[in-house]
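Residue numbers start from 1 in every chain, and the chains themselves are labelled A, B, ... in the order their sequence lines are given, proteins ahead of strands. Model, not experiment: these values are computed from the prediction.
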Amino acid sequence: MTAGAAVVSAVLTVTRRNPVQSVLFLILNFFCLALLYLTLHAEFLAIIQILVYAGAIMVLFLFVIMLLNLGDDASLRERSGPSRIVGIALALIVLVQLGLLLSRGNLPPGNQLPEGFGTAEKFGGSLFREYLLPFEMTSILLLAALVGVMILAKKKTD
Amino acid sequence: MNEQAKAVLSLYPALILIFPLLGFLLNGLAGKKIASEKISGIIGSGVIGISFLLSAFILSELLARPPEERSFTVTLFNWIAAGGLSVDAAYHIDQLSVLMMLIVTGVGFLIHVYSIGYMRGDPAFWRFFSYLNLFIFMMLNLVMADNFLLMFLGWEWVGLCSYLLIGFWHARKFDTGGYAPGAATTSDAAKKAFVVNRIGDAGFLIAMFMIFAATGTLNFETLFTQAPARFALNEPLIVGITLLLFLGATGKSAQIPLYIWLPDAMAGPTPVSALIHAATMVTAGVYMVARCSVLFVLAPATMETVAIVGIATAFFAATMGLVQTDIKKILAYSTISQLGYMFAGLGVGAFTAGLFHVTTHAFFKALLFLGAGAVIHALHDEQDVTKMGGLKKFMPGTYRTQFIAALAIAGVPPLSGFFSKDEILWKAFSGGSAVIWVVGWLTAGLTAFYMFRMMTLVFEGEPRFAHDRHPHEAPATMLVPLVILAFLSVAGGFLGIPQALGGGNILELWLEPVFERSLGILGSATHGSLSTEYLLMALSVAVGLAGIFLARTLYLSRRELVERMAGRFAATHGLLFHKYYVDETFDAVIVNPLKAGSRGLLWKGIDARIIDGAVNGCARLLNSLSTSARKAQTGNVSNYGLAVLIGISLLLGFIIARWNG
Amino acid sequence: MPIDYGVTIPLIYICSLGILVLIAEITFRNSEPVSYWASILGLAGIAVLMFPGFNPVMGWPAVTGLGGLFCVLFTAAAFLTVIFSRDYMRRNGSEHGEYYLMIIFSVAGMMLMALATDLIMLFLGLELMSICLYVLAGYLRKRLSGNEASLKYFLLGAFITGFILYGIALIYGSTGSLSIDRLVERMQTPGQPALFWTGVSLLLGGFAFKVGAFPFHMWIPDVYQGAPTPVTAFMATGAKTAAFSVLVMVFTRRAAADADLLRDVIAYLAAGSMVVGNILAITQENVKRMLAYSSIAHAGYMLVGIAAGSANGSDGVTFYLVSYLFMNIGALGIVSMLEEKEEQRLSYDDYAGLSGRNPVLASLMAIFLFSLAGLPPFGGFFGKYFVFVAAIETGLTWLAILGVLASLAGVYYYLRLVMVMFFQESERPATASVHALAVTALIAAALINLQLGVLPSSIISLIQNLR
Amino acid sequence: MTSGVPLEYYLALSAVMFVTGAAGVLLRRNAIVIFMSIELMLNSVNLSLVAFSGHLGDQAGQILVFFVMAVAAAEAAVGLAIVIALFRNKQTIQVNEMNIMKW
Amino acid sequence: MTVESLLILLIFLPLTGALAVMAIGRSSVRAIKGAGIAVSLAAFAVSLALASGFNPDLEGFQMVSRYPWVDTLSISFHVGIDGMSLLLILLTTFMTPIALLASWNSIEKRVKEYVVMMLLLEAGILGVFAALDLFLFYIFWEAMLIPMYFIIGIWGGSNRVYAAVKFFLYTMSGSLLMLVAIIWLGYQGPLQVGQGFTTDLVKLYGVGPLLPAHLQLWMFLAFTLSFAIKVPLFPFHTWLPDAHVEAPTSGSVMLAAVLLKMGTYGFLRFCIPLFPSATLACIPWLSALAVIGIVYGALVSMVQTDIKKLVAYSSVSHLGFVVLGIFAMTEESVQGGILQMVNHGLSTGALFLLVGMLYDRRHTREISEFGGIAKVMPVIAAFFMIISLSSIGLPGLNGFVGEFLILIGAYSSPHLSGWFAVVSSTGVILAAVYLLWMYQRVFFGENLNPKNSALKDLSPREAAVLVPVVLFIVWIGVFPGTFLKLSGRSTQDLVNTFRRTSSGMTTQAVTPPAQVISHAP
């Protein structure tokens, strides 16, 4: 059921003409994913998903859309005719290909989940031990993004 | 003869060669600085004179030896050696080469002396002499060579000298007679001579390849010794070789089909015509065939060809000579005709007779040319016989010498021409070729006719030249050689008075060892008796005299008859006058299509259109490919994303196709 | 997973430098000169400190492995870019310290890619680099072409990130590990599941995009053209090298040719890139765009070595990268020096008669172009030779033939520029802003190129020892 | 593997979402919507990763998802800044109108 | 100093000379020119020393130096010479100072770059002739294109850009495939005896003939295409007229005298010994192209209106002889081919010098603009005549010796029908036609054009350029032994080895090369 909702909301995200509606459907999609994370024993990620993704990032999107005042206006001509068909057809082809490959599966055997799998505690532990360097580099990444946004978006420089 | 004497003797050939070379270099490099005609002339003629004396000395040395020892070889250095081929710069002196050396240096010396007078005042006097010396040097190389390659060296260079000397006055206009009228200069004639010769030379060259491929040598002695064993009689290979050699000879000696250059070669200064285009160079072909007689007799088919081509040339050239008006051209056709005789002689196996005619012809034809030169000189470069006449009284010395020469060529006994020509005809007849005899006999009549037509038009009758011209007798430097040559024209015949007339035929005896081998192969099948020989002699004398008589009658007293005949037989006259339109045919069939084809088809067509078209077409193709492919780069991100997804899809498709786990 | 100091040291260097410049930016009012010199000196110092075999004192932590060499290359590219940038940015009225900061951070991302031991680091490095480059491409905010370039780059970059990530996910799912060593190990072992190969091919597609290989190349011309020229130089050298460093370290150690699923597909990518890049470059009139297309072709040549997948292939690509870095940054550096405000002076015609006015610059450009065209005795030739040797050794002769034929087209358009510079005259000559430091850098780049062409063995043995 | 739902199910869902996102990128012209489609793709991958992680009982997948989220945040910030910068100059964020550089 | 180092010195002398010239101030034009000539003369002196140290009786390469260069790919700086390369090296060092001196006045702009380019060109060419490693050879082969490109492009005529680009791309298109073949050979060849990649020529000599025939054929074709374009062999010749016509005099001289020889040299050095079976199979085809080239070049030459283009097309014809000689594969023909390379270098080089002199005076090369100028410039006319005669192949001058040996060898070759030589002989006739006809139209006849009435005759500098060439023309014509001797042994070995190796892959043939390999390292 959650999955169905996820798919529908995903499709609607890309098909809605109004960007604001798209954002809202995307947020819905993210909520569905968070639910799925929970079923997959990823509690911490589920929380992050809602807080950071659906909360912070999507709000940012919404904010920018509002800021630029991008309505469902007439200038927003969507592509028509053949190129749309080509795009959809290609997407379907890729889907079929992926399906073919995934179904040939031979997935590795599943393992028993360790104790406390997916909790914030376990998660944090390995993050700060085994993945310390990536974590630190993420901070650099965010710093770079910060500076970058400043460069690009500050009003006046000269 | 002791060793020391032999060693000294072996120096002579080198000396004989070096002197003309020296003269060439002195005059050629320093002539302009010397700036004295006298010194240039003395150097030029002197070196040839020395060579003549040295040649005479060799002759005397050889005479002192028994006949079978009358040859020796001098090797100077190894010229070309590569792989199996080794060619020396070596000179072979034997009876034949000594004969030719004497003719070349002797007649050459006289013509050099003559030229001092003839070329007086020419701004390039020194250059003229250097060319002449170079010619002699190379001609000596030709006749003294002991192998084909060295002979070919001389062969080519004499052609070059001929080229340089024909075009000596390269800025002068020259009427080639119908062909490129008015536009041609002497240099056109020079080029034509060289190129036509080259066609023959290519034959010579290919013959050498065949000889080398077959026998691995180009040395005369080695080859001639091997040849009878190596080649079967009339084997295609030997026929091919000899035919190609003969092709070379037709080029150099102006035989059908390559004779066309010689009449034009008359554009050169007259001493050049005398020396190169009458006395020496043009006989190189005869010499070569004689030298290679062993090969030729192994190919009777070729011999027959030589004889037929020779006699045909003799006849047709004589017919063309009938109507020419240019004094030098008359002589030129006469030369071609006489050369034809020589080849006819060679062709029937009368090698000695051929060479005998070479010798006598050298004397009287040189004399004729030099005399013509004196006339032209006297009339300030007038060459048209119809604008001459009555010169007998202005230039008596010249006239007398010319008369002797004309008689000699007309075959009036006991002048030299009679003996040599008659020997050829007799040998032809006795060898079983009656047709050749008949044609030769007719030609003899024609010869006598056109010679005396010329004599009459030039010297007899009323003067027809412009009144501002004051003919005068030639200066001593010119006249003395004329006299000497006249003497030789008379006396030359005594070298070869046939046994039938009680002569010893000195020349035949002298040359016997040279042709021993070939005559051995040929065998001697002589038909006809002594009485036949006398009869034939009488017939040829008669036809000669008839020709003389007819010419004198027609051109002295019955001029109107000539005009009428020319009118009546206009077509024939035109045909003869235009030399059977051979030049025009050559131009139309070979030269012009070749030029047009090279320009239109090869250059503009294949080169520019096809090859370069393909090359540039590739470039253009890439360019248009690029121009159209660029359009895919629309600038639209969606399309770029599409491309990315296509790529991904292709990758996945590839994995689907290849994976088989 | 213990922390590997060999991996962290370059990152510590570069991040320290970044923080230093950031502090300078915050501290000083007129911070640009400080940042500039700090960047230059810092980058130069880091390049020296990291250089393989550099050991000033006992126990100095040395950088090991091929990744170390790549780090030196990124730093060198950044160093040269910074040198060319200042004047360019000044001319375009936008010299700021943040610019250098972005370059330094992107170098950090590249290093992370090259040094990555697992796919997480790889992914993070890729993103760090890319995000900085998105910003740099649009650095001249007022320039519309820059905006467009930046957005195109960003959208397509993010798009391909999705595929890369998907590939990583599938690899993870089929191997149960994110370790690169495990990945390589699996690739060498026949009999992997389809899932694995799907992941690998998506990863390959992603990096093919990053290096600008056909058919993932379409962003290259627009982005390279629209970005500020020094940034273009940096993208074409540093970023490309970074992407190739991953290809070299992940994709050249595959199974033997017969069991190798990827050889042919990489060969097709290479072939397509060589052909398309070269053919499309022929008719370009904008020099910068021409160099962009040519960089597609060069990606193709390097992919030849990847396709070979042998030791020689890996070494060949690495060598090619070294020489490509110096020749391309040299060429684009000169382009940046000649470019005037408002993207003027970028067409072929603007280079007419350069050899008369500025023979040094023209000669240097000629050297870079000859090297790019792959003519001996320059580095570009040897790089090509090396990868073609590798290709032929592994049975990809057809690819080598195609490669040389395509490079013939390359010769044409590079030579066309030489021709314009040397054989033509111009009525309105362009004036280059020539600075001593920049020219020195160019001369150094040219000399390195010559050295790579004439005496390549030192760098080759270095590469071999590091592999 | 504790969940009753098989792994394939998650993977299929993820694939469908992924392709939907990709289709969105191709079909839409509004830069922000395209970007949202890309976010959709990233999230679908995250789902796969989490599913694999749970299937394998290995935490690394979840860790990666965490980093992906961080990266997505950074990307979103930068991407939107780019969009704003472009909008300031061009007054549009329609990608089909961005073609001053082509061919 | 050892003899071996002489060869290395020779290669690097022009290179360092070029660097030295770069250091001279731009304005001191005379010093630049002087330095250029001095360097090239020094190189000539070194090459003479090289020749004096060369022993023509020894088998194989001499003055060999071998330094490891790029170990990974088994590349070494391996140089050495045998008879044929020595001759071509001598030709190169001889013609370079002449070309430089010839352009003393005619090059006015960018003199420094010009001299540098000429010296670089010389270094490149010398390297080509000395290289014994295919990689090294290729480096020089390609590198020398760059200076030539500039020489044509900067100092050339009005259509120079097209010509320069055409020259470059044409040549390059051939050589790139050769590069692939080199690598392929370097890999496949040693594989035959279980060894690793190498481009060392001496080693490859041992293994190349062991390759299966179809592989040989492909590699042979790739090499041949490259060389055929360089020669140029019909139908790959169309770059030549353009390049020659547009190049400055010195460029044409170097192009004709030396550059074209690199192609024919390549046949001898690489194609034949490396791929004997393929060679054997291709002999009739290549010889046919050569013969077509001989006749075709001559015919097209005949109808040219531009003297320089005429000479250019004549090169096609002459080089056709060389190729015919090479592929006839008899000792005589190969010797002739090698000598003819030198001959063509001298005579055609000199013809270009002379055309340049005419151009300097009249600024046109149209034949119709001239006529009768032998009157005003008799000395030039004389030189022109001698050199034309050499080109025509008059016995006693150099051209004849080469052509004769080629043709006689080709005729008696076991690989060719006699018709090849027979048809080629028409080239001898046509040579006389086109050169003499041109000569006649330029020098003979009436001097009608007033512009031609006050032309200066040969200057001392020009004499200094021409006299040495003419001396060699006569020397080779009269005493060709001096030069034939140098290449005799090399030719003999080449032909004998070819006979042995081309006749199929016998087991007998396998053993000796294995020995060669064991010796080589």
Side-chain angles (χ1 to χ4, degrees), chain A residues 10 13-14 33 40 42 45 57 61 64 68 87 90-91 94-114 123 125-158, chain C residues 1-4 7-8 11-12 14-15 18-19 22 25 93-94 96 98-99 101-102 104-106 108-109 111-112 115-118 120-125 127-129 131-136 138-139 141-142 147 150 166 170 173-176 191-199 201-202:
Chain A
T13 306
V14 300
L33 285 183
L40 286 163
L45 281 180
I57 300 180
F61 270 85
V64 171
L68 302 183
L90 191 66
V94 172
L95 185 60
V96 170
Q97 286 176 323
L98 280 176
L100 261 173
L101 287 164
L102 294 181
S103 67
R104 284 192 195 175
N106 11 12
L107 292 169
N111 292 330
Q112 194 59 46
L113 288 185
F123 198 93
S126 65
L127 191 63
F128 291 113
R129 240 177 292 115
E130 293 160 56
Y131 297 99
L132 179 59
L133 179 65
F135 185 76
E136 293 301 332
M137 290 312 291
T138 311
S139 62
I140 296 286
L141 181 112
L142 291 170
L143 183 61
L146 192 72
V147 177
V149 171
M150 271 166 48
I151 290 174
L152 290 170
K154 63 183 159 179
K155 261 228 149 64
K156 254 192 182 150
T157 47
D158 315 309
Chain C
M1 192 192 275
I3 290 174
D4 180 355
V7 171
T8 50
L11 291 169
I12 292 172
I14 197 78
C15 291
I19 307 286
L22 184 64
E25 278 296 299
S94 192
H96 299 291
E98 305 100 283
Y99 174 80
L101 197 56
M102 292 315 289
I104 290 167
F105 281 147
S106 74
M111 287 179 171
L112 194 57
L115 297 169
T117 54
D118 62 27
I120 295 182
M121 277 151 82
L122 184 63
F123 177 72
L124 279 178
E127 286 306 307
L128 176 53
M129 174 188 87
I131 284 176
C132 294
L133 289 178
Y134 302 149
V135 174
L136 285 171
Y139 179 74
R141 302 197 307 286
K142 294 193 175 152
N147 295 140
S150 178
Y166 200 32
L170 294 181
S174 62
T175 64
Q192 295 302 312
L195 203 60
F196 174 76
W197 286 116
T198 312
S201 67
L202 288 174

K.L.:
Give the C-alpha distance, both sets of side-chain angles, the deciding distance and a yes or no for side-chain contact (heavy atoms from CB on, under 4.5 Å) between C:D118 and A:Y131.
P.N.:
CA-CA 10 Å; C:D118 62 27; A:Y131 297 99; 3.7 Å; yes

K.L.:
Tell me, for C:E127 versus chain A, whether the close heavy atoms (under 4.5 Å) come from the side chain, the backbone, both or neither.
P.N.:
both

K.L.:
Where does C:Y166 contact chain A at under 4.5 Å (heavy atoms): side chain, backbone, both or neither?
P.N.:
side chain

K.L.:
Name the member of C:N147, C:I131, C:T198 that forms the most heavy-atom pairs with chain A at distances under 4.5 Å.
P.N.:
C:T198

K.L.:
Atom CG of C:L170 and atom CG of A:L98: how far apart are they, to the nearest 0.5 Å?
P.N.:
7.5 Å

K.L.:
Could you pull out the closest heavy-atom pair between A:P134 and C:M121, with the gap in Å?
P.N.:
CG-CG, 3.8 Å

K.L.:
Would you compute the distance between atom CG of C:L124 and atom CE of A:M137 and round it to the nearest 0.5 angstrom?
P.N.:
8.0 Å

K.L.:
Identify the two heavy atoms, one from C:L128 and one from A:A144, that lie closest to each other, and give their separation to 0.1 Å.
P.N.:
CD1-CB, 3.9 Å

K.L.:
What's the separation between atom CG in C:L112 and atom CD1 in A:I140, rounded to the nearest 0.5 Å?
P.N.:
10.5 Å

K.L.:
Using every non-hydrogen atom in the two residues, find where A:I151 and C:M102 come nearest and quote the distance to one decimal.
P.N.:
CD1-CG, 3.5 Å

K.L.:
With a 4.5 angstrom heavy-atom cut-off, could you sort out which part of A:L142 is near chain C: side chain, backbone, both or neither?
P.N.:
neither

K.L.:
First locate atom SG of C:C132, then atom CG of A:L141, and finally report the distance between them rounded to the nearest 0.5 Å.
P.N.:
7.5 Å

K.L.:
To the closest 0.5 Å, what do you measure between CD (C:E98) and CG (A:L146)?
P.N.:
11.5 Å

K.L.:
Looking at CE of A:M150 and NE2 of C:H96, how far apart are the two atoms once the value is rounded to the nearest 0.5 Å?
P.N.:
11.0 Å

K.L.:
How far apart are the C-alpha atoms of A:L143 and C:I19, what are their side-chain angles, what is the distance that settles it, and do they pass the side-chain contact (heavy atoms from CB on, under 4.5 Å) test?
P.N.:
CA-CA 10 Å; A:L143 183 61; C:I19 307 286; 4.3 Å; yes

